There are 2 protein chains.
Amino acid sequence: MNSGVVFPRPNPKVLADDGDELRFCSTCAFSQACLAEGMDKSALMDLHVLVEHVGPLHAGDHVFREGDPFEAIAAVRAGTVKTCTVDPEGREQVLGFHLPGEVIGLNAIHGDRYPCNAVALDTVMLCRFSFPRIAMLATRLPNLQQQLFRLMSRDIGVASLFAGNHSADERMAAFLVSFSRRLAERGFSPRRFQLTMSRTDIANYLRQAPETVSRVLRRFEQSKLVSIKQRDVEILDMPRLEAMALAVLRH
Amino acid sequence: MNSGVVFPRPNPKVLADDGDELRFCSTCAFSQACLAEGMDKSALMDLHVLVEHVGPLHAGDHVFREGDPFEAIAAVRAGTVKTCTVDPEGREQVLGFHLPGEVIGLNAIHGDRYPCNAVALDTVMLCRFSFPRIAMLATRLPNLQQQLFRLMSRDIGVASLFAGNHSADERMAAFLVSFSRRLAERGFSPRRFQLTMSRTDIANYLRQAPETVSRVLRRFEQSKLVSIKQRDVEILDMPRLEAMALAVLRH
DNA sequence: CGCAGATTTGATGATTCTCAAGCATGGTGG
DNA sequence: CCACCATGCTTGAGAATCATCAAATCTGCG
């Protein structure tokens with residue numbers, strides 16, 4: 001398995017500036033979001049100039065590593081990226097899972113180094129943005145600046161989502177609901193989806209033992225909240241799941 | 001006790017544009033930080049124009065409330081501010097404590113409303129910055145923009161500091177060390193300081209029961225790690241405390 | 001002085017972790 | 001094609017950390 005760092009050296013093949021790139025990149029949710037913020041066509045062109053399409057990365061590939069010098073942020077275009085730290089004793093701490101349309105690396109600006117690892121959980125495609133260049137561009141494009149502010153602001157809130165002291169059931173329900181909603185935002189089905197990460201990763205993220213995750217999911221299944229086959233999830237009773245998650249998500 | 005929202009209506013008395021304001025505001029750590037980032041004198045003047053000095057606020061006063069429309073960020077100049085949410089059942093969740101030199105409100109950009117309450121824990125002085133105006137200014141002053149990016153980026157990291165699944169002792173040690181370091185950054189003593197928040201607030205922040213906080217602190221005192229009289233803390237063995245906190249803080 | 005709120009302390013209990021073993025699953029090579 | 005292995009997942013039993021409940025103590029303040 002290739003576990004090298006591929007992020008700082010984007011594959012030249014996927015950077016080809018062929019005629020399809022503009023259309024191709026219009027599927028990049030990050031650009032889309034900027035567009036939605038009122039950026040005009042020429043502004044979008046400026047963005048395209050500094051986008052690098054990276055990938056495909058495969059499960060286990062690192063997007064960046066903790067301690068690497070910070071150079072760029074990236075928008076996930078396809079697949080799932082896990083961010084995590086490793087403490088001095090080698091124990092991993094999962095910080096988050098990042099779905100298509102979400103941006104990673106924003107927590108590296110302060111410190112000039114990535115404070116965590118970013119690892120592909122499946123086949124991942126990225127849009128890479130040199131940060132100095134996008135920041136420079138943002139001084140000319142207020143909408144872009146505003147969008148960057150918004151993205152970072154949201155990450156602050158997301159990071160404290162699971163900060164509370166809730167039960168294992170509540171955290172798991174919140175995890176499933178949150179995952180479902182984020183998928184729905186990008187046009188995926190909110191009822192049927194695949195958990196691309198291992199039980200161990202979920203457990204770590206939710207501050208639980210993997211055994212607890214397994215037991216909670218089984219109980220959810222027994223109470224007809226969800227149906228689970230391997231990593232495939234079908235949500236059967238969204239209202240009740242949302243009710244359980246309410247204490248964590250607050251809406 | 002006055003528990004009204006004072007933030008959106010700064011006290012006119014402290015906004016007086018007398019000759020001392022420039023010197024006065026030079027004690028505002030936010031401006032200082034921007035200065036340190038290489039802003040020249042005229043840039044600083046631009047900042048001063050849009051600063052509003054707010055305060056003094058007293059213990060229990062709200063700086064802003066969850067749900068209030070987002071208009072401004074604020075730098076703490078003196079005192080301590082607690083940010084917290086309240087869930088549908090009325091249970092509070094403490095998100096953080098903010099010391100002089102730290103900025104609050106950055107998590108409100110996304111959503112256009114404050115996602116949490118901000119409450120003064122003691123006598124608090126603030127610098128208030130209209131966000132639309134400071135964002136506008138940031139397009140002209142790349143150093144200011146960069147500073148805002150940095151502040152938000154740091155908040156992402158801070159929010160996930162206590163995300164890990166650590167023991168009560170480790171979290172408390174990390175809390176004390178982190179508090180001490182942040183005070184030291186601003187020139188306060190890192191060995192002797194006052195915990196301006198209640199045990200209940202600390203407990204909530206660390207996901208513990210107040211009783212657990214009490215017991216952990218007593219054990220710390222018995223092992224000569226710290227000396228505690230009410231809310232006054234003296235750290236007696238910083239190396240050992242830092243060692244305990246290592247798993248949480250990672251440095 | 002006495003009251004209200006905060007903190008401490010002790011006893012008990014429950015959620016969750018740990019340890020250990022069994023069971024699927026998916027890929028590999030014979 | 002099937003046995004085999006590695007990995008991840010599940011399940012059960014026992015243990016431990018930490019929360020809860022109850023009550024005493026302390027503190028600041030009117």
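All chains are named by letter (A, B, ...) in the order of the sequence lines, taking the proteins before the strands, and each is independently numbered beginning at 1. This structure is a prediction, so every number in the text was calculated from the model and none was measured. When reading the values below, keep in mind they use all heavy atoms of this one structure, side chains included, and skip hydrogens, waters and symmetry mates.
In this structure, A:Lys229 atom NZ and C:dC23 atom P are separated by 22 Å, rounded to whole Å. Note: CG (B:Asp201) to C1' (C:dT7) measures 13 Å, nearest angstrom. As a whole-Å value, the separation of A:Arg219 CZ from C:dT15 C1' is 10 Å. Rounded to whole Å, atom P of C:dA6 lies 14 Å from atom CG of B:Asn204. Between A:Glu170 atom CD and D:dA19 atom C1' there is a gap of 15 Å when expressed in whole angstrom units. In this structure, CE of B:Met172 is placed 12 Å from P of D:dC18, rounded to the nearest angstrom. Between B:His166 atom NE2 and D:dC18 atom P there is a gap of 12 Å when expressed in whole angstrom units. Distance, B:Gln208 CD to C:dT16 P: 16 Å, rounded to whole Å.
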A:Asp169 and A:Met244: CA distance, side-chain angles, deciding distance, side-chain contact (heavy atoms from CB on, under 4.5 Å) verdict: CA-CA 8 Å; A:Asp169 286 19; A:Met244 290 186 67; 3.6 Å; yes

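Taking only side-chain atoms of A:Gln230, from C-beta outward, the nucleotide of C:dT9, C:dA24, D:dG12 with the closest atom is C:dA24. Each of D:dA19, C:dT8, C:dT16 was ranked by its minimum atom distance to the side chain of A:Asn165; first place goes to D:dA19. The side chain of B:Arg199 has C:dT7 as its nearest neighbour among C:dT7, C:dG10, C:dT16. Nearest to the side-chain atoms of A:Arg218 among the listed nucleotides D:dC9, D:dT11, C:dT9 stands D:dT11. Of the listed nucleotides (C:dT16, C:dT7, D:dC9), C:dT16 has the atom at the smallest distance from the side chain of A:Ala168.
Ring orientation note: the planes of B:Phe70 and B:Tyr114 are nearly perpendicular, at an angle over 60° on the 30°/60° scale.
Residue contacts for A:Arg171: at a heavy-atom cut-off of 4.0 Å it reaches no nucleic acid atom on any strand shown. Residue A:Arg231 is in sugar-phosphate contact alone, with no base atom involved, counting any heavy-atom pair closer than 4.0 Å across all strands shown.
Side-chain contact check for A:His98 and A:Thr83: at least one donor-acceptor pair (N or O, by modelled atom type) lies under 3.5 Å.
With hydrogens and angles ignored, a donor-acceptor pair under 3.5 angstrom links the side chain of A:Arg215 to the base of C:dT18.
Regarding contacts with the backbone of C:dT7, every side-chain N or O of B:Ser214 stays at 4.0 angstrom or more from both OP1 and OP2. Residue B:Thr212 has a polar side-chain atom (N or O) positioned under 4.0 Å from OP1 or OP2 of D:dA19.
Here the closest non-hydrogen pair linking B:Ala108 and A:Ser153 is N-OG, 3.6 Å.
The shortest distance between side-chain heavy atoms of A:Asn204 and A:Gln93 falls below 4.5 Å.
Comparing B:Pro210 and A:Glu211 along DNA chain D, the residue whose closest nucleotide (by nearest heavy atom) sits nearer the 5' end is A:Glu211.
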